[in-house]
*Asks:* 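Below is the structure I would like to discuss, written out as structure tokens.
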Amino acid sequence: MTHAAPGDLIVDWYAAAARDLPWRAPGVDAWAVLVSEVMLQQTPVARVEPVWRQWLARWPTPATLAAEPTGEVIRAWGKLGYPRRALRLQAAAAVIAAEHDGVVPDDVDTLESLPGIGSYTARAVACFGYGQRQPVVDTNVRRVVARLVHGRAEALPARASDLGDVAALAPADHDRAVRFSVAVMELGALVCVAGTPRCGVCPVRGVCAWRLAGSPAHDGPARKVQKFAGTDRQVRGRLLDVLRAATGPVEQPELDAVWDDPVQRGRCLDSLLVDGLVVQTDDARFALPG
DNA sequence: AACGCGTGGTC
DNA sequence: TGACCAAGCGT
């Protein structure tokens, strides 16, 4: 008797267990997929959903986003976090509009050359947006591969061989291989999670190298969790929050009120100016870019 | 290659 | 309750 390959088990599990997410609906185009993928970089699904709907209703094509004042784009990004992503997404839209006839490229290398689009996002767009057979490796997938294939408790740092590891798990059939790429991510997001994995409901528990090894604890160094309170990130967030809420340019004292330490405050405001998230007006006030 | 970059939910 | 976590990217 033959055993189903892990990739097939994961695809079949996905058919029954996948979340019903709007960017996975039939007819969602590559632009909508691209917007979702950039928003989902480090931001949870629940917070992305409403903003993604608003963006696609407002900017249904790359050209429409490219034509918008950047301040409006930053404002519409809202509190998704890491607002430089909004800047880069608009810059990518501008390249798509100017150099690709407004059509999101379907080639991984071309996608990867766009601002804010790296290895993960390029492959996600090619696979989810264009139905290509592509290994798509994010943190969830690296964790699944670490356990299922390598018998380790936690993901290793990203490395070039990740793509081959995932490709080796994919079913031979084209359509199933395409679905496998999203399915293995979903498995990592719902079952093979970072905290306590739900091995009892895992479709590949019987062939998982980590389980078969007795679920050994992670041996390497614990990865350090980044601080937030008191960091420049927090200060930048507060400064930008004031500017997003304002209808026009704001005076310096209004920004000074968000943080006591003038040195750190000044450094953060300057970095926002350097990033292009904030501009200074002729009369020395501050605003989102026009 | 390690680090900086936002925000809010969870246990 | 604060540590941990969430579909990365650029430098």
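In what follows, chains are A, B, ... by sequence order, proteins preceding strands, each numbered from 1.
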*Asks:* Among C:dA3, C:dG8, B:dG4, which nucleotide has an atom closest to any side-chain atom of A:Thr139?
*Replies:* C:dG8
*Asks:* Does any N or O in the side chain of A:Gln234 come within less than 3.5 Å of the main-chain N or O of A:Gly230, such that one atom is a donor and the other an acceptor?
*Replies:* yes
*Asks:* Is there a path of hydrophobic side-chain contacts, each under 4.5 Å between heavy atoms of I/L/V/M/F/W/Y residues, joining A:Trp23 to A:Leu111?
*Replies:* yes
*Asks:* Between A:Lys227 and C:dG2, does any side-chain N or O lie under 4.0 Å from OP1 or OP2?
*Replies:* no
*Asks:* Distance check, P atoms only: C:dC9 and B:dG8, in whole angstrom units.
*Replies:* 23 Å
*Asks:* Of all of residues 13-45 of chain A, which get a heavy atom below 4.0 angstrom from DNA chain B, listed by number?
*Replies:* A:Gln42, A:Thr43
*Asks:* Does C:dC5 have OP1 or OP2 sitting under 4.0 Å from an N or O in the side chain of A:Arg223?
*Replies:* yes
*Asks:* Which value, rounded to the nearest 0.5 Å, describes the distance between A:Lys79 atom NZ and A:Asp241 atom CG?
*Replies:* 4.0 Å
*Asks:* Step by step, work out the salt bridge (Lys or Arg N to Asp or Glu O under 4.0 Å) result for A:Arg19 and A:Glu186.
*Replies:* CA-CA 8 Å; A:Arg19 290 167 294 179; A:Glu186 190 78 339; 2.8 Å; yes
*Asks:* Base, sugar-phosphate, or nothing for A:Ile117, non-hydrogen atoms under 4.0 angstrom?
*Replies:* sugar-phosphate
*Asks:* Answer with base, sugar-phosphate or nothing: what part of the nucleic acid does A:Arg47 contact at a heavy-atom distance below 4.0 Å?
*Replies:* base
*Asks:* With distance as the sole criterion, is a donor-acceptor pair present between the side chains of A:Thr64 and A:Thr61 under 3.5 Å?
*Replies:* yes
*Asks:* I would like to know whether A:Arg24 and A:Phe128 meet side-chain contact (heavy atoms from CB on, under 4.5 Å); could you show each step before the answer?
*Replies:* CA-CA 8 Å; A:Arg24 292 176 180 166; A:Phe128 310 153; over 6 Å; no
*Asks:* So which nucleotide from B:dG8, C:dA7, C:dC5 ends up closest to the side chain of A:Ala194?
*Replies:* C:dC5
*Asks:* Within this structure, what is the CG-to-P distance between A:Leu87 and C:dG10, rounded to whole angstrom?
*Replies:* 13 Å
*Asks:* Among the candidates B:dC5, C:dA3, C:dA7, find the nucleotide nearest to the side-chain atoms of A:Asn140.
*Replies:* C:dA7
*Asks:* If you only use heavy atoms from C-beta on, which nucleotide in C:dC5, B:dC3, C:dA7 is closest to the side chain of A:Tyr120?
*Replies:* C:dA7
*Asks:* Under 4.0 Å: is that the gap between some side-chain N or O of A:Arg236 and OP1 or OP2 of B:dG6?
*Replies:* yes
*Asks:* By nearest atom, which of the nucleotides C:dA7, B:dT7, C:dC4 is closest to the A:Arg244 side chain?
*Replies:* B:dT7
*Asks:* Measure the distance from CD on A:Glu112 to C1' on C:dG8 and round it to the nearest whole Å.
*Replies:* 12 Å
*Asks:* Taking atom P in both B:dC11 and C:dA7, what distance in whole Å separates the two?
*Replies:* 15 Å
*Asks:* Say whether A:Arg123 and A:Ser119, considering side chains only, have a donor N or O and an acceptor N or O under 3.5 Å apart.
*Replies:* yes
*Asks:* Which part of the nucleic acid does A:Pro115 contact within heavy-atom distance under 4.0 Å: base, sugar-phosphate only, or nothing?
*Replies:* sugar-phosphate
*Asks:* At 4.0 Å (heavy atoms only), tell me whether A:Asp232 reaches a base, stays on the sugar-phosphate, or touches nothing.
*Replies:* sugar-phosphate
*Asks:* To the nearest Å, how far apart are A:Leu272 CG and B:dC5 P?
*Replies:* 10 Å
*Asks:* Just to be sure I understand the rule, does A:Gln226 reach a base, reach only the sugar-phosphate, or reach nothing, if contact means heavy atoms closer than 4.0 Å?
*Replies:* base
